Amino acid sequence: MNNLRTRHASQRYLLPGIVFAILALVGLCLPLQANAQSTVRPPENATTNIAPAGPPLQGGVQGTQSDAEIWHDIRLGETGAVSIPNKSAGQMIQSQGEDWRLYRNGPIHDYLGYAMLATIVLLAVFFAIRGRIKVEHGMSGVKIKRFSTLERMSHWLMALSFITLGISGLNFTFGRSLVMPVIGKDLFGPTSGFLKATHNYTAFAFMLGLILAFVFWIAHNIPDRTDLNWLAKGGGLIGKSSHPPAKKFNAGQKIIFWGVMLFGLSLSVSGWALLFPFEHHLFSSTFALLGNIGIDVPALLGLPQPPYSAIQEQQFNSAWHGIISVAMICLILAHIYIGTIGMQGAYDAMGSGEVDLNWAREHHSLWVDEVMAKKTDGIVAAPAE
Ligand code: HEM
């Protein structure tokens with residue numbers, strides 16, 4: 001009986017034993033096979049890098065440093081030597097990366113979202129109070145040429161590429177929290193991949209549009225005395241006062257122009273550094289430059305002092321690119337408002353390139369005088385009888 005039970009027991013363990021042995025064998029073979037297939041191998045003459053490079057370790061002898069100390073140094077960003085071209089791979093842990101992630105998903109995500117919402121609410125309140133700014137004397141039916149085809153093409157190249165960049169760029173910051181729950185992970189992944197590629201390529205169209213707009217309009221955007229008067233009267237936008245005299249662009253438009261140029265330049269430079277990473281040291285050099293004139297930006301913002309590693313530069317670039325893009329989006333929301341529903345007759349300037357003479361007289365009286373003084377063929381159509 002006892003014998004029978006023992007045989008039974010040994011039979012019971014036989015099958016699992018065989019399975020275990022097979023699994024153990026497969027398990028042993030897998031790493032060997034993986035090693036054999038690995039294409040990433042150190043070169044023949046590579047030296048094995050056991051401890052992080054840097055100043056002599058405690059006690060002057062590597063052997064006295066404990067594992068805990070080595071890992072402590074690595075955790076604090078100690079960089080070792082690597083034999084591959086990407087030297088930054090020698091840094092196993094970059095702690096600032098975690099700070100950047102928290103900052104990007106925290107304050108950047110929240111405050112930038114609030115800023116855009118606040119702009120939309122302010123514009124809606126302004127519209128509710130002021131209503132559409134009408135042409136006080138009514139449309140004359142006489143048209144005056146405001147922008148050439150080339151000027152309008154440049155404007156629309158810059159505008160449409162910026163809107164594309166804005167939508168695809170906002171998806172980087174807000175897509176995960178706002179879009180993904182609506183369309184689901186399966187659709188969000190490929191959509192975001194497509195938007196990322198779109199963002200990268202559209203950037204070049206925007207830069208071209210920005211340069212063209214700068215060349216065409218810089219001469220009309222130099223601040224002068226008429227701007228002070230225009231600003232003092234609130235541009236005639238507030239209250240029922242009539243519009244102060246202005247040249248081709250009034251002070252409000254000059255603010256838009258310079259805002260677009262400066263933010264656009266900053267976006268282009270930081271975007272370029274993100275497109276071609278680890279090659280630029282914009283923040284180290286800018287902070288050092290400002291430090292020379294007594295402005296210690298890192299101290300003011302509670303950041304580490306420069307010089308920064310290549311990866312830190314990328315993190316600063318990414319945060320800066322996001323902040324500036326939202327600042328420009330807020331500015332452009334106001335611009336689009338005034339160019340469409342906010343002001344009667346304004347859109348025509350960028351639509352057909354011709355505006356109503358009464359609109360032009362009310363908003364840009366000095367410019368109309370200039371055009372009239374030069375030639376009368378600025379007037380392109382007589383009123384219909
Ligand atoms: C749907 C979008 C847009 C509309 C309807 C629009 C409309 C207009 C109009 C009507 C003007 C001429 C104003 C005048 O006659 O004096 C103008 C000018 C201008 N636009 Fe736009 N725009 C749009 C988007 C953009 C974007 C995205 C940018 C920049 C990225 C931009 C930058 C400018 C600049 C710099 C000027 C000249 C300065 C000024 O008039 O404020 N626009 N736009």
Side-chain angles (χ1 to χ4, degrees), residues 116 119-120 123 132-133 135 143-170 199 202-223 226-227 230-231 235-237 243-268 271 324-368 370-371 378:
M116 285 184 290
T119 308
I120 293 168
L123 290 172
R132 192 166 205 218
I133 299 167
V135 178
K143 298 281 184 188
I144 179 167
K145 183 96 182 151
R146 184 140 172 83
F147 293 114
S148 69
T149 309
L150 262 180
E151 282 175 298
R152 280 180 291 135
M153 275 172 59
S154 310
H155 172 267
W156 288 119
L157 178 67
M158 173 174 67
L160 295 178
S161 56
F162 181 79
I163 292 169
T164 310
L165 286 167
I167 293 169
S168 52
L170 287 175
H199 193 85
T202 312
F204 296 100
F206 174 69
M207 289 184 228
L208 178 63
L210 194 72
I211 294 170
L212 290 174
F214 179 79
V215 172
F216 282 130
W217 293 336
I218 172 79
H220 297 290
N221 280 286
I222 310 294
T226 55
D227 299 326
W230 191 93
L231 286 172
L237 296 175
H243 303 288
K247 295 185 180 169
K248 179 149 184 167
F249 291 121
N250 60 41
Q253 290 177 298
K254 288 181 185 176
I255 291 172
I256 299 280
F257 175 85
W258 287 110
V260 166
M261 290 304 146
L262 294 178
F263 288 149
L265 177 70
S266 192
L267 276 179
S268 305
I324 293 298
S325 59
V326 167
M328 185 153 158
I329 287 172
C330 294
L331 190 76
I332 290 302
L333 283 174
H335 170 73
I336 293 177
Y337 164 79
I338 209 81
T340 52
I341 55 167
M343 183 184 283
Q344 185 190 11
Y347 179 79
D348 294 342
M350 277 304 160
S352 63
E354 295 161 6
V355 288
D356 191 272
L357 188 58
N358 279 356
W359 178 90
R361 281 211 172 105
E362 285 175 22
H363 295 285
H364 300 276
S365 55
L366 300 174
W367 170 71
V368 174
E370 263 173 46
V371 174

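Whatever order the structure lists ligands and atoms in, that order sets their numbers, starting from 1. Remember, predicted model here, so these are calculated numbers, not experimental data.
Ring geometry, His363 versus Trp359: the interplanar angle falls from 30° to 60°, so the pair is classed tilted.
Within the sub-2.8 Å shell of atom 21 (Fe) of ligand 1, the protein contributes these N/O/S atoms: His155 NE2, His335 NE2.
Of all the heavy atoms in Ile133 and Ile338, the pair that sits closest is CD1-CD1, 4.2 Å. Taking all atoms of both residues into account, the shortest heavy-atom contact from Ile329 to Met116 is CG2-SD, 3.9 Å. Shortest non-hydrogen contact noted between Asp227 and Lys254 is OD2-NZ, 3.0 Å. When every heavy atom of Met343 is checked against every heavy atom of Arg132, the shortest pair comes out as O-NH2, 3.7 Å.
The distance from atom CZ of Phe216 to atom CG of Leu150, rounded to the nearest 0.5 Å, is 4.5 Å.
For Trp230 and His243, the ring centers are positioned 6.0 Å apart or more. Separation of the Trp217 and Phe147 ring centroids falls under the 6.0 Å cut-off.
Counting only heavy atoms of the protein, atom 15 (O) of ligand 1 lies nearest to Arg146 NE, 2.8 Å. Scanning the protein for heavy atoms near atom 37 (C) of ligand 1, the closest one is Trp217 CZ3, 3.5 Å. Nearest protein neighbour of atom 10 (C) of ligand 1, counting heavy atoms only, is Ala346 O, 3.3 Å. In terms of protein heavy-atom proximity, atom 5 (C) of ligand 1 is nearest to Thr340 CG2, 3.6 Å. Among all protein heavy atoms, the one lying closest to atom 4 (C) of ligand 1 is Trp156 CH2, 3.7 Å. Ranking protein heavy atoms by distance to atom 12 (C) of ligand 1, first place goes to Phe147 CE1, 3.6 Å.
Contact analysis puts Met328 in contact with ligand 1, with a non-hydrogen atom separation below 4.0 angstrom. By the 4.0 Å heavy-atom criterion, Trp359 is counted among the residues contacting ligand 1.
Close contacts between ligand 1 and Ala349 involve ligand atoms 15 (O) [criterion: under 4.0 Å to a heavy atom].
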Working note: Leu210 + Phe214, criterion side chain to side chain contact (heavy atoms under 4.5 Å, CB included); need CA distance, chi angles, decisive distance, verdict. CA-CA 6 Å; Leu210 194 72; Phe214 179 79; 6.0 Å; no
Please assess Asn221 against Met261 for the test side chain to side chain contact (heavy atoms under 4.5 Å, CB included), listing each intermediate value before the final yes or no. CA-CA 11 Å; Asn221 280 286; Met261 290 304 146; over 6 Å; no
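On a distance-only criterion, Gln253 and ligand 1 share at least one N/O pair closer than 3.5 Å. The shortest N/O to N/O separation between Lys248 and ligand 1 does not fall below 3.5 Å.
Residue pairs satisfying the side chain to side chain donor-acceptor pair (under 3.5 Å) criterion with at least one member in residues 328-352, sequence neighbours excluded, are absent.
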